[in-house]
Amino acid sequence: MAGATGLCAGGFAIRSLAAETPAQPPDEDGYKLWLRYAPMGNASKNYRQAVRQIRVDGSSATHRIIRDELRSATTAMLGGAVPANETGLPDGTLLVGTPDHSALIRDLSWTADLLAVGNEGFLIRSVRIVKHPVTVIAANTDIGALYGAFHFLRLMQTGQRIEQLDIKERPSLQLRLMNHWDNPNGSIERGYAGRSMWQWNDLPDKLSPRYSDYARTCASVGINGAVINNVNADPSILAAGNLRKVAALAEVWRPYGVRMYLCANFAAPVRIGGLTTADPLNQGVADWWKAKADEIYRLIPDFGGFLVKANSEGQPGPKTYGRTHADGANVLADALAPHRGNVMWRAFVYDDDIDPDRAKRAYIEFTRLDGQFRPNVVIQVKNGAIDFQPREPFHPLFGAMKQTPVIAEIQATQEYLGQAKHLVYLGTLWKEFLDSDTHANGGGSTVAKVLTGEGQPSRITGLVSVTNPGLDANWCGHHFSQSNWYAFGRLAWNPNLSAEHVADEWTRMTFTNDDKTVAVIRKMMMTSRETFVKYTMPLGLHHLIGGDHYAPQPWNDRAARADWTAVYYHKAAADGIGFDRTRRGDHAVEQYYPPVCDRFDDIKTCPEQYLLWFHRCAWNYPMKSGKTLWDELCGKYQEGAAQAAGLQQTWQALAGRIDSSRHKEVADRLAIQVADAAKWRDQILEYFGRFSKRPIPRSI
Ligand code: GCW
């Protein structure tokens with residue numbers, strides 16, 4: 001297939017690449033992620049003039065990190081040592097610092113502009129200082145300078161010009177956190193990239209080099225914190241001995257601006273504190289949490305706070321004691337408040353006594369508590385109302401809480417999206433979510449604006465990601481899953497970036513700057529999520545899986561709870577398929593603001609991608625294409641499986657342009673993906689065909 005021109009089964013053209021194939025790049029294992037700093041070859045001459053000396057003013061640990069990163073990165077990319085020198089200012093100096101530590105930067109009098117970029121932002125400018133052309137990276141804090149340094153390196157890595165820079169950046173969101181679902185025994189819930197990176201047996205004395213590599217990677221995209229343990233939290237993480245281990249990790253991360261957060265088990269006062277209750281209104285319980293918070297802050301002075309999964313999927317919580325989620329969050333918030341810590345209280349709750357429809361429950365529970373939370377509580381809401389499905393409409397809680405900050409939780413570990421076996425770039429899924437218009441404050445109130453507080457000011461803002469790295473050599477299992485870690489960081493920094501722009505950056509940094517190859521990979525990435533939706537759960541179908549959340553199991557009708565089965569959601573029968581959440585059905589649409597609710601409610605205006613999420617339709621329902629629903633459904637599955645095969649062929653054509661080791665590892669996984677996509681197509685259509693009693697058209 002290599003070098004062939006034509007249209008592959010996936011539908012897009014593979015240009016003839018073989019004729020111009022450059023020398024085979026050396027093998028890589030993926031450990032360096034997007035921080036490879038590949039030699040630029042001829043292209044380096046454009047940069048050498050602008051980067052002849054590195055000068056980082058300051059001697060903090062962060063300054064040292066910046067100096068090392070800039071020196072090793074530029075030396076590697078430019079193919080010759082770039083000296084780091086704290087004196088002098090020859091032409092082509094890259095000067096980095098803050099007004100506090102650099103007289104040169106102070107003298108530039110950029111006070112107003114620096115004020116505008118806040119604590120984490122930075123300026124990058126090409127200027128002349130005493131006639132010398134130099135590039136200045138200036139920030140108010142060391143961490144801002146670190147972010148600026150990574151931004152500058154990204155410009156080089158992606159082949160941008162750097163002679164006339166005038167850049168002003170600040171993050172749009174405050175909390176940009178990794179959420180790890182790691183357990184104390186080294187396993188990871190929904191982890192697909194090896195065991196946990198945190199070596200509890202070795203900590204606090206022995207520190208794996210991965211800890212700083214991890215923090216450096218996070219900092220390179222502006223991620224500023226991590227919750228290191230599973231939301232299904234083992235209470236023992238809060239025991240004194242473990243906190244010392246946690247503190248050792250926090251110390252490694254501090255100079256990278258990565259703050260430590262922990263998941264707290266709500267029953268910890270009983271389970272490790274020896275109390276007889278964890279009732280949040282009990283004084284002894286409140287005192288216990290206060291003492292625990294004080295103990296944590298003595299060890300970790302910049303501790304970020306607690307994330308809590310309460311009264312969800314068997315976890316303890318305030319409702320266990322007849323109290324509300326607000327009572328529960330507030331007792332923790334009061335303990336953290338003197339230290340300026342926050343509580344992130346998850347809205348992933350779905351007790352079935354609230355409503356028969358799981359999709360409605362969190363909205364009902366939380367909107368009625370709006371106004372009752374302490375100022376340092378944020379509600380952490382998954383992007384959709386069910387659970388990280390391949391496609392869900394945005395969660396109606398976005399824009400609904402008027403007095404309580406809401407942050408969004410997205411999922412980079414591809415639990416329902418092929419895990420580490422399928423190539424699925426999630427930038428497009430997240431952008432679809434962030435760009436959804438909630439109409440909470442009139443038209444244009446996108447989820448992104450709700451999150452950044454543009455529509456309605458919010459005390460705390462954030463975007464967090466249930467994340468994917470583990471001990472695998474390439475961190476994320478699938479080389480392409482690295483792009484989801486990257487995209488999360490970039491979008492949390494700036495939700496207005498396009499998915500395509502982020503994919504382009506990542507590809508250039510991770511694989512190659514060769515424009516033709518980049519264009520092919522970018523297109524693979526941009527189409528990958530829709531391809532996955534088509535061969536798994538198109539047209540608003542969701543949760544067609546069983547316990548592994550990987551293989552098709554539409555027949556799954558037995559589980560500990562009805563809302564863990566597949567049949568609960570698709571409701572396929574002889575008369576049709578889909579969940580009626582309209583005003584004629586269970587009224588779930590009414591949780592959205594008008595006109596969103598009207599658009600979803602009316603089958604004529606409901607986007608077909610959400611059709612069976614909101615509507616129950618007959619098998620012969622006429623789709624916009626003119627086909628019946630059944631034929632359309634079959635077409636989607638067939639197209640999806642064919643597009644998966646297309647991805648594989650396209651990748652095959654890139655042999656020689658990507659190092660053979662990573663090329664093969666991706667190819668091996670694509671083979672699994674193609675086979676499994678075909679299984680999805682065949683098993684789902686065979687199963688639904690039992691109800692539709694219609695033949696499967698052979699449209700592809
Ligand atoms: O997606 C579901 C997962 C559970 C997870 C839960 C949650 C950590 O299947 O494994 O538990 O969501 O988000 O709490």
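The model shown is predicted, which means the values in this text are computed figures rather than measured ones. Indexing begins at 1, ligand by ligand and atom by atom, following the structure's order. FYI, side chains are in, hydrogens and waters are out, and symmetry mates aren't considered; it's all heavy atoms of this structure.
Between Phe266 and Tyr321, the two ring planes are tilted [angle within 30° to 60°].
Proximity to Tyr416 (heavy-atom distance under 4.0 Å) selects the following atoms of ligand 1: 1 (O). Shown in contact with Arg190 at under 4.0 Å from a heavy atom are these atoms of ligand 1, numbered in order with element: 3 (C), 4 (C), 9 (O), 10 (O). Ligand 1 places these atoms under 4.0 Å from at least one heavy atom of Val231: 8 (C), 14 (O).
Cation-pi geometry between Arg358 and Tyr350 is met: the NZ or CZ atom falls under 6.0 Å from the ring centre, inside 45° of the normal. Annotation: cation-pi pair Lys421/Tyr550 present, NZ/CZ under 6.0 Å from the ring centroid and within 45° of its normal.
Residue contacts with ligand 1 for Trp564 are absent, since no atom lies close enough (heavy atoms, distance under 4.0 Å). Only side-chain heavy atoms of Asn230 come within less than 4.0 Å of ligand 1; its backbone N, CA, C and O stay farther off.
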Report task. Test side chain to side chain contact (heavy atoms under 4.5 Å, CB included) on Gln372 and His325 and set out the steps. Result -> CA-CA 9 Å; Gln372 296 182 31; His325 282 285; over 6 Å; no
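Using a 4.0 Å heavy-atom cutoff, His549 is listed among the residues neighbouring ligand 1.
Ranking the protein heavy atoms by distance from atom 10 (O) of ligand 1 puts Glu189 OE2, 2.4 Å first. In terms of protein heavy-atom proximity, atom 6 (C) of ligand 1 is closest to Glu313 OE1, 3.3 Å. Of the protein's non-hydrogen atoms, the one nearest atom 9 (O) of ligand 1 is Glu415 OE2, 2.6 Å. Nearest protein heavy-atom neighbour of atom 1 (O) of ligand 1: Asp387 OD2, 2.5 Å. Looking from atom 7 (C) of ligand 1 to the surrounding protein, the closest heavy atom is Phe348 CE2, 3.3 Å. Taking atom 14 (O) of ligand 1 as the reference point, the nearest protein heavy-atom neighbour is Lys309 NZ, 2.6 Å.
The OG1 atom of Thr428 lies 8.5 Å from the CZ atom of Arg391; values are rounded to the nearest 0.5 Å.
The N/O atoms of Arg346, backbone and side chain alike, include one that comes under 3.5 Å of an N/O atom in ligand 1. Inclusion of Lys382 in the set of residues having an N or O under 3.5 Å from an N or O of ligand 1 is warranted.
Between His615 and Tyr610, the distance from one ring center to the other does not fall under 6.0 angstrom. Separation of the Tyr192 and His422 ring centroids does not fall under the 6.0 Å cut-off.
Of the charged side-chain nitrogens involved, none lies within less than 4.0 Å of a carboxylate oxygen, so that Asp370 and Lys402 do not count as a salt-bridged pair.
Side chain of Asp472 to main chain of Trp475: no donor-acceptor pair is present (N/O by atom type, distance under 3.5 Å, no hydrogens or angles).
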